[in-house]
Amino acid sequence: MHDIDTIYLDGAFVTPHGNEPYNLFNPATEAVIGRVRLADAEDANAAVAAAKRAFPAFSRTGKGERTEMLRCLHAAVLAREDDLFEAIVEEYGAPVSRGRWMAQHAANVLRDAADVLDTYPFTRRAGSAEVTMQPLGVAGLITPWNSNAGFICGKLAAALAAGCTAVIKPSEMSALQTRVVTEALHAAGLPPGVFNIVTGRGDTVGARLAEHPDVAKLSFTGSTAVGKTILRTAAETLKRVTLELGGKSPVLVLDDANFADAVPLALQAGFMNSGQACIAGTRILVPEARLAEFEARIVEATGEIHAGDPRDARTTVGPMVSRQQWERVQRYIRLGMEEGARLIAGGPGRPAGVARGWFVRPTVFSGVRNDMTIAREEIFGPVLSIIAYRDTRHAIEIANDTPYGLQAYVLSADTARARGVAAQIEAGRVLVNTLAHEPAAPFGGFKQSGIGREYGTYGLEAFLEPKSTLGVL
Ligand code: NAD
């Protein structure tokens, strides 16, 4: 049983003012595995005050100094990779292959930010003016449970690279990961107050950060509904806001695609992170003329997917994070059936032979229309919709007919043709015949998938403000 009763404030682990107890679960067994003492708004205030005190000195550090700090943080998180991996599997239920990637990713984003900072020009010329990129101030960083450690480190890396100090509000459901990451970051020995980590509820600690007059910048990853609330609240103090929100990403299978490659790629895109991924390719657009062939291959390939014990090396789809999330996914599966979509794989309930744990059957509907609820709303579980299209123009029309615009996938035997299609898709990222991540490229959404970008130079500049000085050149 894990007992987490401290927060990280001003360089030390301290008992929070808040005292609400909160249970942590193992989603594979439904057992309570830990107890967290949640922080409250008063703790958020103390953390903001610490970050505000640390800002003047930290914002004046040189680029080389901060690059060195980021490299120390990277080494410190890397040193705890195994502990972080254990926490991710135990508390989140990530399959071991995914969990390993997530633990490494949390360290890598710190190294990536150091590399960006290394070559970033903070001062440049615009006509007769000198333009200096200045850190915004105290940053509030709010993370979701589906990639808590990665987002703590990624957002913190960009904030620190810019010279901002930070208050992090991690997901309250991810306190084991947060503890490991916090211990690692603490070991790097940065000055007190530069970053503070306050685990509490969104509507108390998160909301306080969104309204706090001394927070200059908010970077939030989570649901579109909460993102809108944050934007409204932040408007009062005109905070700079980065929002990374939901998605309903299309996978455009062009009529020349080789299905032997396209089908496994589409399933990986759809079921990644057990379907709990904002970038999951959940709408698979298939040419009418080849629909039967595609469906047959999907049925066969889905039958081979192992959904179950995350510690079994064969597993690629683990449990949903919580009972609430399990019920939400079940509701969408029932809704798909009621709306008249054709179930071709999976369905309601748990996978065969699984009696407990928040496991879902990897599910694929075909005969889906783009106006059905399962094609419009983010399900955040392993439930995919196949939508047939007439011609490429129709496919692009369906792909863009969504309130979201985070990511899209184009699968084709002809890269030049795929590039032409990609150019017409409204999404922050379009992946052609690949699932690879590029840390130097901006990440973020069009439309209701968010505002702003993370990663690379774009992510760094989200924590900076340009200041022009005239008459000095
Ligand atoms: P969520 O919006 O419920 O919570 C996200 C975070 O916000 C949590 O830390 C939560 O405590 C906090 N929060 C909740 N209410 C708040 C409030 N009123 N004010 C301030 N903070 C508040 O989302 P979730 O369920 O943790 O995560 C799943 C969602 O995240 C999905 O919609 C998914 O698409 C999205 N997501 C997006 C990306 C991306 O990069 N675009 C990445 C991962 C997840």
Side-chain angles (χ1 to χ4, degrees), residues 18 20 22 36 38-41 44 91-92 94 102 105 109 140-152 154-155 158 167-175 177-178 197-212 215 218-234 236 239 241-249 272-282 320-326 328-329 332 377-381 402-407 427-429 437 441-455 459 462:
E20 183 189 340
Y22 183 83
V36 186
L38 292 179
D40 63 12
E91 156 186 87
Y92 175 58
M102 289 169 93
H105 176 73
V109 287
L141 313 175
I142 303 176
T143 72
W145 45 258
N146 72 328
S147 185
N148 180 61
F151 281 116
I152 290 178
K155 289 179 190 295
V167 177
I168 301 164
K169 205 304 275 177
S171 170
E172 58 275 35
M173 294 162 72
S174 315
Q177 294 167 58
T178 297
I197 303 183
V198 184
T199 299
R201 287 193 187 276
D203 56 6
T204 54
V205 175
R208 182 63 190 133
L209 293 181
E211 70 184 10
H212 201 299
V215 173
L218 284 173
S219 177
F220 167 83
T221 298
S223 60
T224 297
V226 172
K228 289 178 183 175
T229 305
I230 286 179
L231 190 58
R232 272 192 291 269
T233 308
E236 274 306 312
K239 289 179 181 34
V241 177
T242 299
L243 301 175
E244 302 287 0
L245 310 176
K248 196 73 195 175
S249 299
M272 70 167 84
N273 206 3
S274 307
Q276 301 175 125
C278 50
I279 53 173
T282 48
M320 301 297 94
V321 72
S322 63
R323 177 178 300 283
Q324 188 192 17
Q325 192 64 19
W326 187 84
R328 174 190 160 96
V329 176
Y332 276 111
E377 296 183 7
E378 185 179 51
I379 298 174
F380 228 56
T402 167
Y404 295 110
L406 188 58
Q407 185 143 303
R429 264 192 192 193
H437 172 57
F443 176 77
F446 282 31
K447 302 195 274 186
Q448 295 193 32
S449 284
I451 295 178
R453 295 292 180 268
E454 295 193 285
Y455 294 125

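Indexing begins at 1, ligand by ligand and atom by atom, following the structure's order. Since the structure is predicted, the reported quantities are computational estimates derived from the model, not experimental observations.
Counting all heavy atoms, side chain and backbone alike, A44 lies closest to V205 at CB-CG1, 4.1 Å.
Salt bridge annotation for E172-K169: present, with a cationic side-chain nitrogen under 4.0 angstrom from a carboxylate oxygen.
No hydrogens or angles considered: a donor-acceptor pair under 3.5 Å links the side chains of S219 and K155. Between the side chains of Q177 and Y92, no donor-acceptor pair is found at a separation under 3.5 Å.
Few gaps surround CD on E20; more than 12 heavy atoms of other groups in view lie less than 6.0 Å from it.
Taking the six-membered ring where the residue is Trp, Y455 and H105 present perpendicular rings, their angle passing 60° and hence far from 30°.
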Distances under 3.5 Å, N/O of ligand 1 against N/O of the protein: list each pair and its distance.
unit_1	atom_1	unit_2	atom_2	d
ligand 1	2 (O)	S223	N	2.8
ligand 1	2 (O)	S223	OG	2.6
ligand 1	9 (O)	T143	O	2.7
ligand 1	9 (O)	K169	NZ	2.9
ligand 1	11 (O)	K169	NZ	2.6
ligand 1	11 (O)	E172	OE1	2.8
ligand 1	11 (O)	G202	N	3.3
ligand 1	19 (N)	G202	O	3.3
ligand 1	23 (O)	S223	N	3.4
ligand 1	25 (O)	W145	NE1	2.9
ligand 1	26 (O)	W145	NE1	3.2
ligand 1	30 (O)	G222	O	3.3
ligand 1	32 (O)	E378	OE1	2.7
ligand 1	34 (O)	E378	OE1	3.0
ligand 1	34 (O)	E378	OE2	2.7
ligand 1	41 (N)	L245	N	3.2
ligand 1	41 (N)	L245	O	2.6

